[in-house]
Novice: 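Can you read through this structure? Questions will come right after.
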Amino acid sequence: HRDLHSFPTRRSSDLVDTPFRGCVAMKAFARGAPSADFPSMFLRDLAISWRTLFRRPGAALLAIVSLTLAIGFSTAAFSIVDAYYWRALPVADPERLAYAMARDREGRADDINWAEFQAIAGQGGALAGIAVQDRRGPPVMLPDRLDFPITAGVSNNFFDVLGVPAATGRVFHANTGAEGQVVLSNHYWRTAFSGDPAMCGRTITVGGAALTVIGVLPPGFSGTARGMLVDLFVPEQVMFGALRMDSPANRQSNFEPIVRLKPGADLEAARRSVDQAFRRVESAGLAPGPDRKALLVRFTKPYLKPATNMGDIFPWVAALVLTIAAANFANLRLVENQARRRETGIRLALGAGRASLFRQHLTESLTVAGVATGFGLLLADWLIALAPAVLYAGQRYSDYFIRLDARAFAFSAGAMLLVAIAGALIPMRDTWSCGIVPALQAVTAPSARRWLAGLVVLQIGLIVAFTDSAGL
C-alpha cells in the first residue's frame, strides 16, 4: 500500500514497524478522518494534490495549458469590453447624469447652442444642473516640440455638474472660472510634463495664449466621450476669449450638453424640462432650427452606438469559451479518475467516506485551476498591453483605460471556480456511483464511458457553434 498516492509518507513507517498500527492508520486516513483543525486538513489535501500533479505531469500540463488559454483570453476580453461598455466613468453618481441632445425635424441627434444651454440652466424642474463642452485642437508649445492635444472649452460649472475634483491643485467652478486658466488631464501631465509635481502655477502657451495651470485631474478621467483623450480643459472665459474656440452669439449647435438630474427625478421629467427650454429659445428666434425635441440618454450607457454591441455579446462568448474549457478539464479529470479506479476502490473498501473523496477531487481541481489562473492572468496582462496597438493603432487621442483591475481579477476568480467545480463534480459523479469490487478490478463503468462520449460531443458542438458565430 505504500504506492497509494493518498497515503502520507510519514505513516509508511507505521506499517513497517507495527502492521496493526499501520492498518488502523490507513483506515483512518482512507475514511478521511478529520484532522485537529481545518487548516491542517486543507494543507494535507493540498499536499496530496501536488503529489498527484507531479505523478502525472503530462495530464496536468495539458489541463493547465488549456485552462490558461481559456482564462487568459477571457480575462483580457473582459477587461477590454468592461472598459468599452460597462465601467462607469470616474464621476460622481453617474446614474443621475444624462446626455441632453436635441432631435431635429428629420430625427437626427444634434448638440445645442449657447442660448439653449442658458435656457436649460435656468429651467430647473427635474434638472439639478447642466454643463456643456466644445472640443478643439489648438497647438500647445512644449519645451521640445509643438503638440496638438484635444482641448475642451467647457462651461464654468463643468466639474461641479460631473463631480470631478482635482488630484493636484484645483479646478474652476461656476463662480471661479476666469481668463487665463487651464486644467490638465492626468494623462497629459504625465506624458507631456513628466508628472512634474510643481506644474500647478506654471504658464503654458495654448493656441498662442499664455494660460496658467491651476490643477491636474485624477487618473482615469479624460473627458466624457468614452475612449477620447481630452487633455486640457479651459473655462468659458478662455473658450470665448483668448482661444476664440466659439462665440456665445453663434446659433450653430456646437456644444455637447450633460445634465444632472435631481435625486428621484426620471428621464421623462428631465426631457419635459429640456423641451420647455427649447420652446422658449425657439420663440425668441435663437434656435439652430425649428421643432427641436429633447433627447436624453443615460450617461452610464455609451450613446450613438449600435443597438447590439460587444457589451451585449461578450457574456455569451465568455460563457461559451469557459464552458468549452470546463468540459475539456472535466474530460481530462474523468480520464485520470479511470486510471486511479483501483486506488478509489481500496479507499472505499477501507471505509472512506464519499465526502472525503469529493473534497479531495475538489482540492485537486482547485489546485490545477489555481495554477492555470495564475498563468492566465500573466497572459491577460500581456494581451492587455498589446490591446492599444491593436485596437487603435495610430490614434493618439484614443484610450479606453484598459486595465487588469479588481473587476478583472474577480472575473478570473469566478472562471477558476467554474472550471474547478466542473472538474470535480463530473468525475465525482462517477466515483459516487461505482462499487467497491468493480473499482478494485479497475473496470471502467458504462456511465464513465457515456460521460466521456458526452463531453467530447459537447466540446465539438460548442467549438462549431463558436466558429460559426465568429464567421457570422
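Keep in mind it's a predicted model, so treat the numbers as computed, not measured. When reading the values below, keep in mind they use all heavy atoms of this one structure, side chains included, and skip hydrogens, waters and symmetry mates.
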Novice: Is L97 close to V161 at the side-chain level, that is, under 4.5 Å between some pair of heavy atoms?
Specialist: yes
Novice: Less than 4.5 Å apart, any side-chain heavy atom of V238 and any of L211?
Specialist: yes
Novice: Find the distance between CD (Q181) and CG (N156) and round it off to the nearest 0.5 Å.
Specialist: 8.0 Å
Novice: Grab the two heavy atoms, one from S412 and one from I71, that are nearest each other, plus how far apart they are.
Specialist: CB-CG2, 4.2 Å
Novice: Please indicate whether F375 has more than 12 foreign heavy atoms, meaning atoms of other residues, nucleotides or ligands, lying under 6.0 Å from its CZ.
Specialist: no
Novice: Passes side chain to side chain contact (heavy atoms under 4.5 Å, CB included), F255 versus D111? Steps please.
Specialist: CA-CA 6 Å; F255 297 97; D111 291 332; 5.6 Å; no
Novice: Just do the side-chain hydrogen bond (donor to acceptor under 3.5 Å, both in side chains) check on H173 and N157 with the steps written out, would you?
Specialist: CA-CA 5 Å; H173 300 283; N157 66 340; over 6 Å; no
Novice: Step by step, work out the side chain to side chain contact (heavy atoms under 4.5 Å, CB included) result for L232 and V183.
Specialist: CA-CA 6 Å; L232 291 85; V183 175; over 6 Å; no
Novice: To the nearest 0.5 Å, tell me how far D275 CG sits from E282 CD.
Specialist: 10.5 Å
Novice: How long is the straight-line distance from CE of M199 back to OG of S194, given to the nearest 0.5 Å?
Specialist: 10.0 Å
Novice: Say you draw a straight line from CD1 of I204 to CZ of R202; how long is it, rounded to the nearest 0.5 Å?
Specialist: 11.5 Å
Novice: Considering non-hydrogen atoms only, spot the tightest contact between K262 and L127 and give its length.
Specialist: CE-O, 3.4 Å
Novice: Salt-bridged, R292 to D104, with N to O below 4.0 Å?
Specialist: no
Novice: Report yes if some heavy atom in the side chain of I112 is under 4.5 Å from a heavy atom in the side chain of I120; otherwise report no.
Specialist: yes
Novice: Taking side chain as C-beta onward, heavy atoms only, is R103 less than 4.5 Å from D110?
Specialist: no
Novice: Has D266 got more than 12 heavy atoms of other residues, nucleotides or ligands less than 6.0 Å from its CG?
Specialist: yes
Novice: If you take all heavy atoms of L162 and R260, which pair is closest and at what distance?
Specialist: O-NH2, 3.4 Å
Novice: Compare all side-chain heavy atoms of V213 with those of F193 and state whether any distance is below 4.5 angstrom.
Specialist: no
Novice: Quick check for you: to the nearest 0.5 Å, what is the distance between S247 atom OG and W114 atom CH2?
Specialist: 10.5 Å
Novice: If you define the side chain from C-beta out and look only at heavy atoms, does anything of L217 sit under 4.5 Å from V171?
Specialist: yes
Novice: Assign the ring pair F411 / F78 to parallel, tilted or perpendicular, where the plane angle (0 to 90°) is split at 30° and 60°.
Specialist: parallel
Novice: Is a donor from one side chain sitting under 3.5 angstrom from an acceptor on the other, for E256 and Q133?
Specialist: yes
Novice: Between A408 and T75, which heavy-atom pair has the shortest distance, and what is it?
Specialist: O-CG2, 3.9 Å
Novice: Grab the two heavy atoms, one from P288 and one from R251, that are nearest each other, plus how far apart they are.
Specialist: CG-O, 3.2 Å
Novice: How far does OH of Y99 sit from CG of L296, to the nearest 0.5 angstrom?
Specialist: 12.0 Å
Novice: Kindly determine whether V140 and F148 satisfy side chain to side chain contact (heavy atoms under 4.5 Å, CB included), including the steps that lead there.
Specialist: CA-CA 6 Å; V140 176; F148 293 89; over 6 Å; no
Novice: So which heavy atom on Y188 is nearest to which on P149, and how close?
Specialist: OH-CG, 3.6 Å
Novice: When you measure from the side chain of S66 to the backbone N and O of A63, does any donor-acceptor pair fall under 3.5 Å?
Specialist: yes
Novice: Assess the residue pair N254 and D134 against the criterion (side-chain hydrogen bond (donor to acceptor under 3.5 Å, both in side chains)); give the C-alpha distance rounded to whole Å, side-chain angles, the decisive distance to 0.1 Å, and a yes or no.
Specialist: CA-CA 6 Å; N254 295 329; D134 183 13; 5.2 Å; no
Novice: Would you say the ring centers of F233 and F159 fall short of 6.0 Å from each other?
Specialist: yes
Novice: Are the side chain of T205 and the backbone N or O of G208 linked by a donor-acceptor pair below 3.5 Å?
Specialist: no
Novice: Between the main-chain N or O of E95 and the side-chain N or O of D93, is there a donor-acceptor pair closer than 3.5 Å?
Specialist: no
Novice: Side chain to side chain contact (heavy atoms under 4.5 Å, CB included), that's the test. Do R96 and V91 meet it? Break it down for me.
Specialist: CA-CA 10 Å; R96 289 176 49 207; V91 297; over 6 Å; no
Novice: For a 4.5 angstrom cut-off between non-hydrogen side-chain atoms, does S79 reach L404?
Specialist: yes
Novice: Can you list the residues that meet the salt bridge (Lys or Arg N to Asp or Glu O under 4.0 Å) rule with E106, with sequence neighbours excluded?
Specialist: R108
Novice: Under the rule for side chain to side chain contact (heavy atoms under 4.5 Å, CB included), what residues qualify as partners of A115, not counting sequence neighbours?
Specialist: N113, V281, L286
Novice: State whether K293 and D291 are salt-bridged, where the test is any N-O pair (Lys NZ or Arg NE/NH1/NH2 against Asp/Glu carboxylate O) under 4.0 Å.
Specialist: no
Novice: Could you check whether any side-chain heavy atom of S222 comes within less than 4.5 Å of a side-chain heavy atom of M228, counting everything from C-beta outward?
Specialist: no
Novice: Taking T151's backbone N and O only, do any of them form a donor-acceptor pair with R135's side chain (distance below 3.5 Å, no angle check)?
Specialist: no
Novice: Check this for me: R271, atom CZ, are more than 12 non-hydrogen atoms of other residues, nucleotides or ligands nearer than 6.0 Å?
Specialist: yes
